[in-house]
Amino acid sequence: MAAMTWRPARCWCPSLLQVFRFQVAQVHLGRPTMRASQQDFENAMNQVKLLKKDPGNQVKLKLYALYKQATDGPCNMPKPGVFDLVNKAKWEAWNALGSLPKETARQNYVDLVSSLSPSSEASSQGKHEADEKVQGSKDIVVTSEDGITKIVLNRPTKKNAITFQMYQDIILALKNASTDSSAITAFTGTGDYYCSGNDLTNFTSASGGKEEAASRGAVVLREFVNSFIDFPKPLVAVVNGPAVGISVTLLGLFDAVYASDKATFHTPFSHLGQSPEACSSYTFPKIMGSAKATEMLLFGKKLTAREAWAQGLVTEVFPESTFENEVWTRLKAYAKLPPNSMRISKELIRKNEKEKLHAINAEECTTLQARWLSEECINALMNFMSRKAKL
Ligand SMILES: CCCCCC/C=C/C(=O)SCCNC(=O)CCNC(=O)[C@H](O)C(C)(C)COP(=O)(O)OP(=O)(O)OC[C@H]1O[C@@H](n2cnc3c(N)ncnc32)[C@H](O)[C@@H]1OP(=O)(O)O
């Protein structure tokens with residue numbers, strides 16, 4: 001293979017790549033404790049698929065590089081284009097391993113996978129086994145009592161950012177809640193955040209090319225938002241803390257929004273090279289007027305709970321100290337009202353716009369699918385992922 005001339009190209013995110021090269025160099029120097037068999041290697045590959053906790057992008061790039069080195073040997077692919085940021089990061093990772101022998105790469109891969117805390121994974125798997133059987137993942141917890149089905153975003157270490165699995169779990173939870181014995185369905189978050197929106201690694205960690213990931217994302221998003229448009233029972237958001245992105249835009253499809261006074265409401269779509277979703281391109285101007293909607297959806301103005309209340313996005317703001325007690329006491333009382341009457345009244349309020357909302361949702365998803373492939377968006381996602389990588 002012709003020696004690859006390596007020019008110190010202007011890195012799109014030098015800190016991430018430098019950190020990554022440094023880490024890969026460490027792996028390169030790693031001395032295999034024993035020679036991993038092919039079976040060990042295959043077992044390690046299967047173990048990666050079972051990891052419950054996302055190991056982060058640096059580790060995933062390292063795993064990718066060691067896998068390629070162990071199976072294909074030294075990097076033999078042409079360097080991707082400057083704007084193909086994700087594949088360029090993967091190419092850099094592999095190329096950084098140089099002439100590391102296949103056997104050593106295989107052993108390092110096995111060692112790295114086994115270091116991703118399999119014991120704690122096992123205990124957490126045991127601990128959440130029951131939950132996952134019910135909801136599909138431990139990150140969405142659904143309970144039903146006092147006439148209220150509560151759907152809880154339960155990923156506090158990641159500010160309740162929504163993964164692809166969580167989108168699916170919420171769709172299922174709403175489907176089940178629409179026919180269960182509860183009168184009201186409520187959403188809330190665990191920890192200090194309500195929700196920090198879409199998990200920004202959803203696309204960078206997705207298998208297949210970025211076009212496939214964007215297409216799949218648009219399909220999931222459209223189904224996800226439709227499940228809110230079509231939900232037949234009173235739907236209440238209990239906003240326990242800061243809300244970002246899709247967790248804010250969805251509020252236009254809720255029937256009531258109760259917020260702690262520590263909650264904030266932020267839709268940084270332009271910053272992310274993205275565009276509005278969850279019908280907010282229609283509901284926000286309708287709720288707060290086009291100028292206030294522009295400040296949020298285009299300029300990314302973050303609102304306090306009181307500002308969101310003044311603009312009609314929030315129904316009522318409660319002091320943090322009494323928020324949980326006041327809101328759940330009120331919802332338990334509302335849940336005792338005749339459920340069919342509430343459902344029929346909601347249908348009267350919403351039926352005239354359902355078709356329009358479905359069409360708006362479809363258009364927003366098509367627009368977003370293109371935005372996710374834009375350089376603006378890819379750069380923004382990479383910047384987010386490298387913002388903590390410091391040398
Ligand atoms: C099917 C696809 C549907 C797509 C629909 C379109 C939806 C669009 C949106 O929702 S756009 C909005 C996306 N969200 C964001 O841009 C927020 C990004 N996060 C942040 O800005 C900050 O994390 C913060 C302001 C929310 C909190 O900051 P801070 O208090 O400093 O905490 P950390 O940043 O350290 O966060 C702790 C931990 O959580 C991880 N994390 C937080 N938010 C996200 C996220 N949205 N995606 C992925 N990961 C997130 C963060 O990386 C930290 O992880 P670490 O401890 O570093 O492993």
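Start at 1 with the first residue, then count along the sequence.
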Checking [X] side chain against [Y] main chain: does a donor-acceptor pair fall under 3.5 Å?
X	Y	value
Glu326	Phe323	no
Ser247	Val244	yes
Asn154	Lys138	yes
His266	Gly300	yes
Ser374	Ala370	no
Ser345	Ser341	yes
Thr188	Val238	yes
Gln69	Gly98	yes
Asp199	Ile162	no
Lys351	Lys346	no

Checklist line | Check: Tyr194 ring centroid to Phe187 ring centroid under 6.0 Å | finding: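 For Tyr194 and Phe187, the ring centres are not under 6.0 Å apart.
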- Task: Would you please indicate if the ring centroids of Phe228 and Phe254 are separated by under 6.0 Å?
- Result: yes
Picking from Leu368, Thr267, Thr367, what satisfies side-chain contact (heavy atoms from CB on, under 4.5 Å) with Gln274?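 With Gln274 as partner, side-chain contact (heavy atoms from CB on, under 4.5 Å) holds for just one option, Leu368.
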Notebook entry, point to check: Which of these, Asn325, Leu331, Thr329, sits in a side-chain contact (heavy atoms from CB on, under 4.5 Å) with Val327?
Noted result: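 With Val327 as partner, side-chain contact (heavy atoms from CB on, under 4.5 Å) holds for just one option, Leu331.
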Return the minimal non-hydrogen interatomic distance between [X] and [Y], and the atom names on each side.
X	Y	answer
Cys195	Asn160	SG-O, 3.3 Å
Ala335	Ile184	N-CD1, 3.7 Å
Pro74	Ser99	CG-CA, 4.1 Å
Val248	Ala243	CG2-O, 3.2 Å
Ala70	Ala105	N-CB, 3.7 Å

Mind checking the [atom1]-[atom2] spacing from [X] to [Y]? Nearest 0.5 Å is all I need.
X	Y	atom1	atom2	result
Ile170	Leu153	CD1	CG	5.5 Å
Leu200	Lys158	CG	NZ	11.0 Å
Asn76	Asn95	CG	CG	10.5 Å
Cys75	Leu100	SG	CG	13.0 Å
Glu295	Lys302	CD	NZ	15.0 Å
Ile140	Arg155	CD1	CZ	10.0 Å

Side-chain contact test, heavy atoms from C-beta onward, threshold under 4.5 Å: evaluate it for [X] versus [Y] and give yes or no.
X	Y	answer
Phe224	Ile246	yes
Thr366	Glu363	no
Asn202	Tyr167	yes
Tyr193	Pro156	no
Gln165	Asp139	no
Tyr258	Thr315	yes
Met385	Thr201	yes

So the salt bridge (charged side-chain N to carboxylate O under 4.0 Å, His left out) pairs with at least one residue in residues 231-242 (sequence neighbours excluded) are Asp180-Lys233
Might you confirm whether atom [atom1] of [X] has over 12 heavy atoms from other residues, nucleotides or ligands at distances under 6.0 Å?
X	atom1	value
Trp309	CH2	no
Lys354	NZ	yes
Tyr64	OH	yes
Gln38	CD	yes
Glu320	CD	yes

Using 4.0 Å as the upper bound for N to carboxylate O, is an ion pair formed by [Y] and [X]?
X	Y	result
Glu277	Arg222	no
Arg330	Glu316	yes
Lys262	Asp192	no
Arg371	Glu376	yes
Asp40	Arg106	no

**Prompt:** Does Trp91 have Lys68 sitting over its ring (NZ/CZ under 6.0 Å from centre, angle to axis within 45°)?
**Reply:** no
*asked:* For a side chain to side chain contact (heavy atoms under 4.5 Å, CB included) check, start with the C-alpha distance between Asp261 and Phe318, then their side-chain angles and the critical distance, and finish with the verdict.
replied: CA-CA 6 Å; Asp261 59 9; Phe318 299 79; over 6 Å; no
Sequence neighbours excluded, which residues qualify as ring pair (Phe, Tyr, Trp, His ring centres under 6.0 Å) partners of Phe269?
->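 Counting only residues at least two positions away or on another chain, Phe269 forms no ring pair (Phe, Tyr, Trp, His ring centres under 6.0 Å).
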Besides Ile349, the hydrophobic cluster formed by Ile, Leu, Val, Met, Phe, Trp and Tyr side chains linked at under 4.5 Å, directly or via other members, contains none
Co-membership, hydrophobic cluster, residues [X] and [Y], 4.5 Å side-chain:
X	Y	answer
Ile148	Val142	no
Val219	Leu221	no
Leu250	Phe164	yes
Ile344	Val236	no
Leu303	Val257	yes

Using the rule given for side chain to side chain contact (heavy atoms under 4.5 Å, CB included), can you reason through Asn240 versus Glu324, listing the C-alpha separation, both sets of side-chain angles and the distance that settles it, and then say yes or no?
CA-CA 8 Å; Asn240 57 293; Glu324 295 285 338; 4.0 Å; yes
Could you go step by step and tell me if Trp94 and Lys90 meet the side chain to side chain contact (heavy atoms under 4.5 Å, CB included) rule? CA-CA 6 Å; Trp94 182 12; Lys90 291 161 78 171; over 6 Å; no
Between Lys286 and Glu353, is the salt bridge (charged side-chain N to carboxylate O under 4.0 Å, His left out) condition met? List the steps.
CA-CA 12 Å; Lys286 180 170 166 256; Glu353 296 210 319; 3.2 Å; yes
Should Thr143 and Thr149 be marked as a side chain to side chain contact (heavy atoms under 4.5 Å, CB included) after you check the CA-CA gap, both sets of side-chain angles, and the distance that decides it? CA-CA 6 Å; Thr143 58; Thr149 289; over 6 Å; no
